[in-house]
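The structure under discussion appears below in the form of structure tokens.
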There are 2 protein chains.
Amino acid sequence: MAKAYDVMAPTCPSRVVLHRIGARWTVFVVTALADRPLRFTELKKHIEGITAKVLTETLRALEYDGLVARVDKGGHPPYVEYRLTPLGRSLLEPLSAVREWAETHVPQVERANRAYDERG
Amino acid sequence: MAKAYDVMAPTCPSRVVLHRIGARWTVFVVTALADRPLRFTELKKHIEGITAKVLTETLRALEYDGLVARVDKGGHPPYVEYRLTPLGRSLLEPLSAVREWAETHVPQVERANRAYDERG
DNA sequence: CTGTATCCCAAGTGATACTG
DNA sequence: CAGTATCACTTGGGATACAG
């Protein structure tokens, strides 16, 4: 029996999903929420360099896809926390593997870049 | 001792690497080359919907980063094949995990989308 | 604190046509 | 077969200011 979904097929919905989870900041947010829920500002501090606008967009997208839950606890000042859903948690391992690959293979990639440049 | 590289740091080179391997078509090319080397046209046929221009750009980027080797065997008509390097092969497992997650979780994501829409 | 609202820009992508 | 060359276009992303 054939696979139900195949990213190699141009109209397969899995391409949409793959594109979503491959969005620039997804891996950062999911990684940051791995251990515990975080509030908006905590997330922003954790993911250095992200702007409020982009963080908001990323969180909305993840919420839309059911990867992150937004929990509004109300009060003044507002208290909102974000946590991984079970679905989001299931993505943690694959994404962490990619993130770790990036962190551990910087030297090899840089070496390859230099080699390529020297060859012309 | 602290990690040598940390994607959460805004200037860390691992962010560049992560961005590169997160490029739209990287996962497709790496996946396609998992089992055997492929020629340009074979790759293009395999990854349905990719254009020659984008495939070329993706292959050049992967070559630059040392993930893919371009082997020109000459002749007429030209015979060029692309194969994963050991470095590229080491990326295969992480990327396949992400691709498989996308392929297996389409229903859950679609359900979350509907739920979100119904809530408003 | 938790966001929105604008505006702007560069990069990425895609369609099409062409070449060695 | 294995690409290049253009061009048009969209989208994502960043800066900044503001609001409930």
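Every chain is numbered from 1 and lettered A, B, ... according to where its sequence line falls, protein lines coming before strand lines.
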**OP:** Please report the shortest heavy-atom distance between A:T31 and A:V27, naming the atom on each side.
**Re:** OG1-O, 2.6 Å

**OP:** Quick one: which residue pairs count as a salt bridge (Lys or Arg N to Asp or Glu O under 4.0 Å) with a foot in residues 77-102 of chain A, not counting sequence neighbours?
**Re:** A:K73-A:E81, A:E81-A:R83, A:R99-A:E103

Original post:
Does the side chain of A:R60 get closer than 4.0 angstrom to OP1 or OP2 of C:dG3 through an N or O atom?
Top reply: yes

Which donor-acceptor pairs under 3.5 Å do side chains of residues 17-26 of chain A form with protein atoms, sequence neighbours excluded?
{"unit_1": "A:R20", "atom_1": "NH1", "unit_2": "A:D65", "atom_2": "OD1", "d": "2.5"}
{"unit_1": "A:R20", "atom_1": "NH1", "unit_2": "A:D65", "atom_2": "OD2", "d": "3.1"}
{"unit_1": "A:T26", "atom_1": "OG1", "unit_2": "A:R20", "atom_2": "O", "d": "3.4"}

Original post:
Would you say A:R39 reaches C:dT2's phosphate, i.e. side-chain N/O to OP1/OP2 under 4.0 Å?
Top reply: yes

Subject >> Cationic N near anionic O, under 4.0 Å, B:K53 to B:E57 >> reply: yes

Identify all side-chain donor-acceptor contacts of residues 32-41 of chain A below 3.5 Å with residues at least two apart in sequence or on another chain.
{"unit_1": "A:R36", "atom_1": "NH1", "unit_2": "A:A32", "atom_2": "O", "d": "3.2"}
{"unit_1": "A:R39", "atom_1": "NH2", "unit_2": "A:P78", "atom_2": "O", "d": "3.2"}

Original post:
Excluding sequence neighbours, so at least two apart, what forms side chain to side chain donor-acceptor pair (under 3.5 Å) with B:T51?
Top reply: none

Subject >> NZ/B:K45: more than 12 non-hydrogen atoms of other groups inside 6.0 Å >> reply: no

Original post:
Under 4.0 Å: is that the gap between some side-chain N or O of B:Y82 and OP1 or OP2 of D:dG3?
Top reply: yes

Subject >> nucleotides 9-20 of chain D: protein proximity per nucleotide (B base, S sugar-phosphate only, - neither; heavy atom, under 4.0 Å) >> reply: ----BBB----B

**OP:** Please give the angle, rounded to 10 degrees, between the axes at the start and the end of the helix from C:dC1-D:dG20 to C:dG20-D:dC1, where five pairs define each axis.
**Re:** 50°

Original post:
Taking only side-chain nitrogens and oxygens of B:T41, does any of them come within less than 4.0 Å of OP1 or OP2 of D:dA2?
Top reply: yes

Original post:
In terms of side-chain heavy atoms of A:V80, which of C:dC1, D:dA2, C:dG3 is nearest?
Top reply: C:dG3

